[in-house]
Amino acid sequence: MSNGTFGIEREARIVKSGVRRVFTPHSPVDDASHFFGREEEASRFVSVINTEGLHVLVYGDRGVGKTSLAITTCRVLLQQIMGGGKYIEKRCDSSDSFETIALKVLKELKIGYQNIETTQTSNSGGKASIRIPVAGGEIDSSRQSATKVTHQVNLSSPSWIAEQLQEKSGIFLIDEIDALSDREDRKKLAELVKLLSDNKSKLKIVMVGIASTGSDLTAGHPSVQRCLKEVQLKRMSDDDIKKIILNGFKKLSQIPSDDVVTKVTDISAGLPHFAHLICLKCAEASVISGNKHVSNDVLDDALNESVKDSENALKDSYTSCLHSFNKPIEYKLIVLGASYCKTAEFRPFDIRQHLRDRVSLDVEVQVINRRLTAVAGRPGGIIEKCGRGYYRFVDPRMPSFVKMVHGVDRGK
Ligand SMILES: Nc1ncnc2c1ncn2[C@@H]1O[C@H](COP(=O)(O)OP(=O)(O)OP(=O)(O)O)[C@@H](O)[C@H]1O
Ligand SMILES: [Mg+2]
């Protein structure tokens, strides 16, 4: 079949088929019918939100499904329990601060923040000036002069913001709070949560971010722990990844072979992004070929497309690390062996076992050790040492990427 100018014809058929609404590697799930697994975390989330004075912090590694859990659960909650209360979402980036986050919620709730009046007074003797917010009227004092100033006051004050939000209800989702580099901003957010909790506010805060511990995201604010309950998201189980694959293909009336399902589950290693990415590429190929059966051959091509579509950060660090060695192929094998390890931290011995079992290669532990030390010693390397004799991937998504590359090599 011809792809038409610029591949438009192919693209039109793919769009029409709806495969990109089922497999969504680049956007979070926001609909319960596309959300799988996570039963335990979702029920904890629901019960926390429905408890007076409690707010939620969702944290975990990059790409485990934090935003999807938060958005999907909030939507269901608002529809079914909270009677359609207001839903506000703020995605932070490095330019955000406590003030910009506060501004977002005030704006969405239509709380006028621009015309707050303060009166600045100064003693006639020229001593230190003070600011007193007034509800109107001038301060009558013969020794003081007063000037009315209209400006955005107290946006940086958690207690002022909490006061404005006191009577409101709904959910305010603050995503990617790890992007807030200033600890002071995270601390203020934690203070805001504490104040809303003390005031028994019906506006619930849900914070989401990448972190290995919850306190990384709240700048270790001690008293917030009582009212900000943590939901830690780990990788999904293989069974849940299989649910994403099987349900997705079923919706599209496509039939993957058992081998394809097993391989995609293995490559994904509990990260739903990769299951969505590879399945999307398989599903697109199936739409174009008109063959509903997704076989190993389809998967090989899909892996190639998936590698091309992967984040540049992964592609670049993998390539530049291997190309910094004279014999990249030897290092590639070691990295592949490491990517088969089921635990985040691994030893040269574990790599040896996996190379034996998975690619029938017998490599001495000392050789693996030397290569690993060299990779871990490279600035900007993809593997780092994390303890005596133990190593780990710098980016937890790298093992899945390495396995996809291996799949492409194997299919050549
Ligand atoms: N429970 C789920 N069921 C089905 N697909 C999911 C689920 N959770 C996440 N996904 C899919 O996995 C991918 C990553 O999800 P999401 O964006 O929610 O992760 P994240 O942890 O917020 O990522 P990041 O750390 O980059 O912000 C998306 O493609 C999303 O569609
Ligand atoms: Mg996210």
Side-chain angles (χ1 to χ4, degrees), residues 18-46 56-77 89-94 96 173-180 206-214 216-217 230-252 261 264-265 267-284 302 305-306 309-314 344 393-398 400-401 404:
V19 292
R20 291 184 186 157
R21 287 194 297 278
V22 172
F23 292 121
T24 54
H26 307 295
S27 46
V29 171
D30 60 2
D31 176 342
S33 68
H34 289 136
F35 185 85
F36 299 102
R38 302 290 196 207
E39 284 86 6
E40 212 175 289
E41 293 92 341
S43 16
R44 175 164 162 77
F45 189 107
V46 168
V56 186
L57 173 70
V58 181
Y59 72 96
D61 274 347
R62 180 177 293 285
V64 286
K66 302 175 296 295
T67 305
S68 299
L69 174 89
I71 296 184
T72 310
T73 322
C74 286
R75 284 190 196 269
V76 172
L77 263 169
E89 191 179 313
K90 165 81 185 160
R91 258 180 219 184
C92 302
D93 61 36
S94 57
D96 277 306
L173 173 65
I174 313 169
D175 199 358
E176 317 215 348
I177 55 170
D178 48 288
L180 300 176
V206 175
M207 295 206 252
V208 180
I210 299 169
S212 50
T213 69
D216 289 350
L217 297 174
E230 296 176 358
V231 176
Q232 183 187 12
L233 274 203
K234 299 214 165 125
R235 285 166 185 251
M236 294 179 90
S237 67
D238 282 354
D239 281 347
D240 286 343
I241 293 287
K242 277 189 184 139
K243 283 184 201 159
I244 297 178
I245 302 169
L246 293 172
N247 281 287
F249 281 122
K250 195 170 165 201
K251 278 190 189 122
L252 299 167
V261 177
V264 176
T265 307
I267 292 173
S268 303
L271 296 176
H273 162 77
F274 290 97
H276 278 264
L277 179 63
I278 303 166
C279 289
L280 176 63
K281 299 300 172 189
C282 289
E284 288 182 358
E305 292 302 310
S306 303
D309 240 17
S310 288
E311 239 178 65
N312 284 339
L314 285 172
F393 281 96
V394 174
D395 187 326
R397 301 167 303 167
M398 188 56 83
S400 298
F401 178 76
M404 291 201 302

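Residue numbers run from 1 in the order of the sequence given. Each ligand, and each atom within it, is numbered from 1 in the order the structure gives. Bear in mind that the values here come from a model prediction, so they are computed numbers and not experimental data.
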Within the heavy-atom cut-off of under 4.0 Å, ligand 1 is lined by Thr24, Pro25, Ser27, Pro28, Val29, His34, Phe35, Phe36, Arg62, Gly63, Val64, Gly65, Lys66, Thr67, Ser68, Glu176, Ile210, Met236, Ile244, Pro272, His273, His276
Carboxylate-amine/guanidinium proximity below 4.0 Å for Glu41 and Lys234
no
Which pair of heavy atoms, one from Ile245 and one from Phe23, lies closest together, and at what distance?
O-CZ, 4.0 Å
Which pair of heavy atoms, one from Val29 and one from Ile71, lies closest together, and at what distance?
O-CB, 4.3 Å
Does a side-chain heavy-atom distance below 4.5 Å link Asp93 with Glu176?
no
Excluding water, the protein N, O or S atoms sitting under 2.8 Å from the Mg ion (ligand 2) are Thr67 OG1
Any residue meeting side-chain contact (heavy atoms from CB on, under 4.5 Å) with Glu305, in chain and number order, not counting sequence neighbours
Lys281, Lys308
side-chain hydrogen bond (donor to acceptor under 3.5 Å, both in side chains): which pairs involve residues 57-68, sequence neighbours left out?
Thr67-Asp175
Given side chains that start at C-beta, do those of Val64 and Leu69 come closer than 4.5 Å, heavy atoms only?
no
Between the CG atom in Leu271 and the CD1 atom in Ile267, the distance rounded to the nearest 0.5 Å is 12.0 Å
What closest approach, in Å, do Arg21 and His34 show between heavy atoms, and which atom pair accounts for it?
O-CE1, 3.6 Å
